[in-house]
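Residue numbers begin at 1 in each chain, while the letters A, B, ... track the order of the sequences.
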Amino acid sequence: MATEFEELGAVAAFNVTLFIRRFNPEDGLEARWEDFDVQVHGTDRVLDALHKIKWEIDGSVTFRRSCAHGVCGSDAMRINGRNRLACKTLIKDLDITQPIYVEPIKGLEVEKDLVVNMEPFYKAYRDVQPFLIASDKPTKERLQSPEDRARFDDTTKCILCAACTSSCPVFWTDGQYFGPAAIVNAHRFIFDSRDEGSEVRLDILNDKEGVWRCRTTFNCTEACPRGIQVTKAIAEVKQAILRGRA
Amino acid sequence: MSIVIEPPRTAKPKRTNWEKWGWIYMRVSGVALIILVFGHLFANLWVGEGIKAIDFAFVAGKWSDPFWQVWDLLMLWLALIHGTNGMRTIVNDYAEREKTRKRLVWILWATCVALIVLGTLVIYTFDPCPANGTPENLPSFCPVNQS
């Protein structure tokens with residue numbers, strides 16, 4: 001009887017092949033694909049498969065992850081050619097009759113395996129001054145109407161995973177471009193009624209490498225694991241620059 | 001120990017932003033070109049005898065009319081600048097060395113200016129029956145061939 005009940009509640013297990021893009025700066029070799037066969041369950045995510053590989057097959061496989069639940073934004077990677085969070089991608093939702101290809105996000109320098117240098121991405125983020133700029137002293141709560149709050153609600157959801165910026169073809173060819181994530185985070189403050197720094201931020205994004213480089217390919221909107229309408233936010237910033245105010 | 005905080009960047013005084021105006025130009029000229037190009041196609045291929053009417057005389061007739069001179073002139077200028085600016089964007093994306101980029105952009109604008117000057121000259125100085133032309137090379141409707 002016991003086995004019957006176990007089988008009843010059991011989660012289906014199946015075998016998948018993962019091709020992981022490997023690169024080690026110390027062995028002097030070019031980046032290459034390496035395949036791993038693992039048994040996973042219907043409830044497993046790509047991150048679980050990566051864990052299984054790292055913990056049971058090859059401990060040198062390198063990737064970033066912190067919270068492992070889609071909040072910290074550490075494990076953005078290119079899975080089957082699309083930027084996703086490994087911790088939010090269920091393996092059963094991919095085509096498991098084919099191998100699953102996992103590679104680092106594009107446009108940023110690869111440090112090892114799936115780990116890239118995020119500094120250029122953070123630099124663009126810092127450059128848009130992603131903090132509240134207000135002249136009065138914070139002695140009491142700054143009130144805001146629900147309508148004013150709704151203007152930038154979508155862009156508060158960003159977790160800085162770089163999935164959008166590293167899916168942008170303009171960013172791939174021109175690393176100077178601020179990129180969608182920085183513009184999203186500028187949008188979050190530009191359209192905040194409590195903020196007084198929109199003029200400065202709009203001026204920064206009116207730069208040669210600012211919003212005008214956006215070609216509206218919608219790659220960023222498609223890549224965002226938080227469902228932010230990134231291209232729309234960029235278009236709103238463009239309009240704000242044309243108007244001269246938020 | 002004291003922490004030094006960089007003063008935040010402040011808005012610069014007003015300056016011409018070519019990227020912004022380029023972006024606006026692409027949209028405005030794009031809309032204008034849709035009207036101009038389809039108007040051009042309609043007038044040339046649809047109205048009256050349609051495509052069968054097109055010959056040397058048809059073109060000569062159009063360019064003797066100030067309305068079509070201005071229409072074609074607008075189409076020429078808007079389309080060439082629109083196209084060149086689009087090419088410039090692609091060059092900016094893909095040229096890795098600054099020197100290469102500058103050279104390519106320079107060649108683009110030089111070509112654009114040359115084509116605009118030539119096209120404008122043709123539209124405004126076009127004469128189907130030049131006074132010193134040999135009659136057999138001139139179209140039948142010229143006075144020389146109608147005597």
Residues of residues 93-121 of chain B with a heavy atom under 4.5 Å from any heavy atom of chain A, in residue-number order, are B:D93, B:Y94

So, the part of A:R215 with a heavy atom under 4.5 Å from chain B: the answer is side chain

| query | Around A:R149, counting heavy atoms of other residues, nucleotides and ligands shown, do more than 12 lie under 6.0 Å from its CZ? | reply | yes

### Message
Taking OH in B:Y124 as the centre, count heavy atoms belonging to other residues, nucleotides or ligands within less than 6.0 Å. Is the count above 12?
### Response
yes

Check: Just wondering, are more than 12 heavy atoms of other shown residues or ligands nearer than 6.0 Å to CH2 in B:W77?
Finding: no

Can you tell me if CZ on B:R27 sees more than 12 non-hydrogen neighbours from other groups inside 6.0 Å? yes

Validation row: A:L242, B:K20 side chains within 4.5 angstrom (heavy atoms):
yes

Please indicate whether B:L41 has more than 12 foreign heavy atoms, meaning atoms of other residues, nucleotides or ligands, lying under 6.0 Å from its CG. yes

One should read off an interatomic distance between B:W18 CH2 and A:W212 CH2, to the nearest 0.5 angstrom, of 15.0 Å

Heavy atoms of B:E19 and A:K208 approach each other most closely as CG-CA, 3.7 Å

- request: Using a cut-off of 6.0 Å, state whether more than 12 heavy atoms not belonging to B:W21 lie near its atom CH2.
  value: no

Next on the checklist: Can you confirm whether more than 12 heavy atoms, excluding those of B:M87, are under 6.0 Å from its CE atom?
Outcome noted: no

So CD1 of B:I24 and NZ of A:K238: to nearest 0.5 Å the spacing works out to 11.5 Å

Around atom NZ of A:K232, are there more than 12 heavy atoms of other residues, nucleotides or ligands at under 6.0 Å? no

